[in-house]
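A quick write-up on the structure given underneath.
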There are 4 protein chains.
Amino acid sequence: MAPRTKEQFENIREEKKQLIFEAAFDLFALEGYHSTSITKIAKRANTSKGLLYNYFESKEALLLEILSSGLNEMMQLFDPNHDGILSEEEMLNFLSNLFEMLKTNNRYWRLYYAIFFQPTVFELINTQFADIFTKMMKLLTDYFAHHGLQEPEKEALVFGSLIDGIAFNYVMNPDLYPIEDIKDYIIHKFCYIKK
Amino acid sequence: MAPRTKEQFENIREEKKQLIFEAAFDLFALEGYHSTSITKIAKRANTSKGLLYNYFESKEALLLEILSSGLNEMMQLFDPNHDGILSEEEMLNFLSNLFEMLKTNNRYWRLYYAIFFQPTVFELINTQFADIFTKMMKLLTDYFAHHGLQEPEKEALVFGSLIDGIAFNYVMNPDLYPIEDIKDYIIHKFCYIKK
Amino acid sequence: MAPRTKEQFENIREEKKQLIFEAAFDLFALEGYHSTSITKIAKRANTSKGLLYNYFESKEALLLEILSSGLNEMMQLFDPNHDGILSEEEMLNFLSNLFEMLKTNNRYWRLYYAIFFQPTVFELINTQFADIFTKMMKLLTDYFAHHGLQEPEKEALVFGSLIDGIAFNYVMNPDLYPIEDIKDYIIHKFCYIKK
Amino acid sequence: MAPRTKEQFENIREEKKQLIFEAAFDLFALEGYHSTSITKIAKRANTSKGLLYNYFESKEALLLEILSSGLNEMMQLFDPNHDGILSEEEMLNFLSNLFEMLKTNNRYWRLYYAIFFQPTVFELINTQFADIFTKMMKLLTDYFAHHGLQEPEKEALVFGSLIDGIAFNYVMNPDLYPIEDIKDYIIHKFCYIKK
DNA sequence: CATGAATGAGGGTTCATTCAT
DNA sequence: AATGAATGAACCCTCATTCAT
C-alpha cells in the first residue's frame with residue numbers, strides 16, 4: 001500500500017538500466033550499431049521498447065554511454081597521477097594493464113573499433129580521445145628521450161602505432177593471435193629492465 | 001547514324017557501371033554505408049535508382065564489389081609471383097607500394113576499416129583475407145629467419161601489427177600523421193639494405 | 001498527531017486537485033493541448049502521474065473540466081438573473097465585466113479559442129454554449145429594439161460579432177491591441193448613456 | 001518500354017500531389033491537425049504512407065503548404081496593386097470578395113482558425129500575416145480619415161475586429177449565420193455609396 | 001493517499017526494392 | 001537501356017494509461 005521508498009526505486013532503476021545496457025552492448029558488438037534495432041535490444045533485455053527511453057534518451061545516447069563507460073575504465077587504469085615521468089616500472093605496469101584490458105574487455109574494444117570508423121560517429125568521440133592521446137604521446141616521447149633514443153617523437157609514434165596494431169589484430173582474432181607471446185616480446189623490448 | 005556495335009554497348013555499360021561504382025565508393029567512404037541511400041548514389045552518378053539495379057543486385061552487393069575490388073588491387077601489388085623468398089629489394093618494394101597505396105587510396109582504406117569492423121560484414125570478407133594474410137606471414141617469417149632473427153614468427157606478427165597500426169593511424173588522421181618520416185624509419189629498420 | 005478529520009482530507013484533496021488543474025491549465029494554454037504531456041503536468045504540479053488519475057479520469061476529462069470551469073465563470077458574470085430587460089447600466093456592466101475578464105483571464109481565452117477550433121472538441125462544448133448564445137442574443141435584440149433600431153436582430157448579431165472580433169484580436173496580441181481605447185469606443189457607442 | 005517523358009512524370013506528380021493535398025486538407029479541417037495521422041491521410045488519398053514523403057517533406061510542411069496556398073489565394077484577391085488609396089468602389093469590391101471567399105473557402109478558413117490558435121504553430125504563420133495586416137490597416141485608416149471620421153485608426157481597428165468576428169462566427173456556424181444579411185448591412189454602413 | 005516503473009499502440013519518417021512505362 | 005513513382009516493412013520514438021507497492 002505504501003509507495004515504494006526512494007531507494008527502492010533507485011534500485012529498480014539501476015538494475016533495469018544495467019540490463020538494457022548489457023543487452024545493447026552485446027548486440028552492438030555482435031551485430032553492429034546500425035544493424036541493432038531498439039526492438040531487438042528491448043527483447044534481449046526482456047523489457048519493452050518504451051522503457052528503454054526511460055533510461056536512455058535515444059539510441060545514440062545509449063551508444064555514447066557504452067563507449068564512455070569503457071573510456072572511463074581505461075582512463076582510471078592509465079592515469080597514475082604521477083610526476084609526468086614514466087619510469088621503467090610504470091611502463092611495465094602500463095603495458096600489463098593494457099594487455100589485461102584487451103583480454104578482459106575484448107568485447108568493448110571490438111565495439112569501440114567498429115564505432116570508431118563510422119564516419120558520422122567518429123567526430124563525436126574523437127575529441128574525448130584526443131586529450132588522452134596527446135598526454136600519452138608526451139609521456140612516451142619523454143620516456144624514449146630519457147633512454148637516449150635519437151628521435152624520441154618518432155619512436156613514440158611508432159610505439160603507439162605498434163600498440164594499436166597489436167590491439168587491433170588481437171581484438172579481431174582473439175582465438176588465433178598469440179597475445180601472451182607478443183606481450184612478452186613488447187615488454188622485453190621496451191621496458192629496459194635488467195634481470 | 002550507324003547502329004552501335006556490341007562493343008560500344010558494352011563500353012557504355014561498363015562506363016555507367018563505373019560511374020555508379022565510384023559514386024557509391026565516395027559516399028560510403030564519406031558518410032558511411034548505412035547513412036548512404038540508393039537515391040543519393042544514383043543522384044551522384046547522374047543516373048536513376050532503377051538503372052543501378054541493372055548493374056548491382058542490391059546495396060550490399062554493391063558494397064561487396066567495392067571491397068572486393070580493393071582487395072584485388074592489393075593482392076596484385078603484393079603477389080610478386082616469385083620463388084617464395086623475399087629479398088631485401090622485394091621488401092623495399094613491398095613497403096614502398098604499401099605506403100604509396102595508403103597515400104593514394106586513403107579513401108578506400110578508411111572505408112575498408114569502417115566496413116571491416118561491421119560484425120556482420122566481417123565474416124563475409126574475412127575468408128578472402130585469411131589467405132593473403134597466411135601467405136604474407138609465411139613470406140615474412142622466412143624473411144626474418146633468413147636474416148638471423150631468433151623468433152621469426154613472432155617478428156613477423158609484430159611487423160604485421162606495426163604495419164596495421166601505422167596504416168590505421170595514418171588513415172584516420174592523414175593530415176597530422178607524419179607518414180613520410182615513419183616510412184623512412186620502417187624502411188631503414190626492416191630492409192637491411194646498406195648504402 | 002490526532003487523525004485528520006474528514007474535512008481536512010477533503011481539503012487536501014481539493015488543494016491537490018486545484019494544483020493539478022492549474023498546472024494543466026497553464027501548460028495547455030502555453031504549449032497547446034497536444035503538446036502537453038501528462039508527465040509535464042504532474043511535474044509542474046509537483047505530484048505524480050498516478051495521482052493525477054485519481055482526480056481526473058483522463059487527459060481529455062481534465063481538459064473538459066478546465067473549459068467547463070471557464071464557461072461557468074463566464075455564465076455567472078453574464079447572468080444577472082433579471083427581468084429579461086437589459087438596461088443601459090446593465091449593458092455598461094456587461095461590457096466592463098467582459099473587458100475586465102479579457103484582461104485578467106487572457107490565458108484562459110487563448111486556450112479557449114485554441115480548443116474551440118479543434119473540430120473534435122468543438123461539438124462537445126458547443127451545445128453548452130448554444131444556450132448562452134441564444135439567451136444573449138435575445139437580450140441584445142430586445143435592447144436594440146428598445147432603443148429604436150430598425151433591425152434589432154441584425155444589430156444584435158453584428159454587435160456580438162464585433163465583441164468576438166475584439167476579444168479574438170486582443171487575446172492573440174495583448175501587447176499591441178489598444179484594448180482600453182477600444183473599450184471606451186464601444187461603451188460610448190452602445191451604452192446610450194448621457195453624461 | 002521507353003521511359004516516360006518528363007511531362008508524363010510531371011503530370012503524374014501533379015495529380016498525385018493534389019490528391020494528397022486534398023485528403024490532408026479535408027482531414028485537417030474535419031478532425032484537426034494533431035488528430036490526423038499520416039496513415040489516415042494516405043488511406044484517404046488511396047496511396048501509401050511512403051509516397052506522401054515523395055511530395056511533402058513532412059507533416060508540418062504539408063500543413064504549411066495548405067495554409068500558404070490559402071494565403072496566396074487571399075492575397076491575389078486583396079492586392080489590387082493600386083495607388084494606396086481605397087475608393088468607395090474598391091471598398092465595395094474588397095467586401096464582396098471577402099464575403100465571397102468566406103462562402104466558397106469555408107473549409108480553408110475553419111482550418112486556418114484551428115491552426116492559428118495552436119500555440120506552437122501560431123508563430124510560424126504570424127509573420128507572413130503581419131505584413132498583410134499592417135498594409136490593410138494603413139489602407140483602412142486612410143479610408144476613414146478621408147471620409148472625415150474623427151479617430152480613423154480606432155475606426156480601422158474596430159472595423160477590422162468586426163470583420164474578424166463576422167468571419168469567425170460564420171465559419172463556425174455556416175448554416176445558421178445569416179451571412180447575406182450581414183453582408184448587406186456592412187456594405188451599406190461602410191461603403192458610403194449613395195444610390 | 002502516492003509513486004513512477006512498465007506497457008504497447010501508434011506516431012512520423014526512411015529507404016531498399018519493384019515495376020509500368 | 002532508363003526512369004522515378006510507388007510500395008511497405010521497419011525504423012526510432014512518444015505518451016496516455018495501468019498497477020504493484
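The analysis underlying the following values was restricted to heavy atoms, covering all of them including side chains, and did not include hydrogens, waters or symmetry mates. Predicted model only: the values in this text are computed from it and were never measured. Letters A, B, ... are given to chains in the order of the sequence lines, protein chains preceding strands, and every chain is numbered from 1.
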Rounded distance (Å) that lies between atom C1' of E:dA16 and atom CG of B:Leu63
14 Å
Residues two or more places apart in sequence or in another chain: which of them pass side-chain contact (heavy atoms from CB on, under 4.5 Å) with A:Asn11?
none
Assign D:Thr36 to base, sugar-phosphate, or nothing according to its heavy-atom contacts below 4.0 angstrom with the strands shown.
sugar-phosphate
If the condition is salt bridge (Lys or Arg N to Asp or Glu O under 4.0 Å), which residues does A:Lys17 pass it with, not counting sequence neighbours?
A:Glu65
Base-pair string, DNA chain E, Watson-Crick plus G-U, cut-off 3.5 Å on both distances, | for inter-strand, is .||||||||||||||||||||
Could you work out, with side-chain hydrogen bond (donor to acceptor under 3.5 Å, both in side chains) as the rule, every residue matching B:Asn54, not counting sequence neighbours?
none
Does C:Ile38 reach a base, just sugar-phosphate, or nothing at all? Heavy atoms under 4.0 Å.
base
Options E:dT13, F:dC11, E:dA16, nucleotide nearest the side-chain atoms of B:Tyr53:
E:dA16
Could I get the full list of side-chain contact (heavy atoms from CB on, under 4.5 Å) partners for C:Glu57, not counting sequence neighbours?
C:Ala61
Residues in salt bridge (Lys or Arg N to Asp or Glu O under 4.0 Å) contact with D:Glu22, at least two apart in sequence or another chain:
D:Arg107
List in chain and number order the residues that pass side-chain hydrogen bond (donor to acceptor under 3.5 Å, both in side chains) with B:Asn106, two or more places apart in sequence or in another chain; answer none if no residue qualifies.
none
In whole angstrom, give the distance that lies between atom NZ of A:Lys40 and atom C1' of F:dC12.
14 Å
Quick check on DNA chain F: between C:His34 and A:Gln8, whose nearest nucleotide comes earlier from the 5' end?
C:His34
Please report, to 0.1 Å, the donor-acceptor pairs under 3.5 Å made by any side chain of residues 37-44 of chain D, with sequence neighbours excluded.
| residue | atom | partner | partner atom | Å |
| --- | --- | --- | --- | --- |
| D:Ser37 | OG | D:Lys40 | N | 3.2 |
| D:Lys40 | NZ | D:Glu31 | OE1 | 2.7 |
| D:Lys40 | NZ | D:Ser35 | O | 3.0 |
| D:Arg44 | NH1 | D:Asp26 | OD2 | 3.1 |

D:Leu62 CG to E:dT13 P, straight-line distance once rounded to whole Å
10 Å
Rounded distance in Å - CG (C:Leu19) to P (E:dA2)
11 Å
DNA chain F contacts among residues 20-29 of chain D, heavy-atom distance under 4.0 Å
none
What is the separation between atom CD on D:Glu57 and atom P on E:dT14, rounded to the nearest whole Å?
9 Å
The reported gap from CG in C:Leu111 to CG in C:Leu67 (rounded to nearest 0.5 angstrom) is 5.5 Å
Round to a whole Å and report the spacing from NZ of C:Lys59 to C1' of F:dT14.
11 Å
Could you list the residues that satisfy side-chain hydrogen bond (donor to acceptor under 3.5 Å, both in side chains) with D:Glu10, not counting sequence neighbours?
none
If a pair satisfies ring pair (Phe, Tyr, Trp, His ring centres under 6.0 Å) and one of its residues is in residues 4-28 of chain A, list it, with sequence neighbours excluded.
A:Phe28-A:Tyr33
Can you give one letter per nucleotide of nucleotides 4-10 of chain F, 5' to 3': B if a protein heavy atom sits under 4.0 Å from the base, S if only from the sugar-phosphate, - if neither?
BBBBB-B
In this structure, how many angstroms lie between the P atom of F:dC12 and the CD1 atom of A:Ile41, rounded?
8 Å
Would you compute the distance between atom NZ of D:Lys16 and atom CG of D:Leu51 and round it to the nearest 0.5 angstrom?
6.0 Å
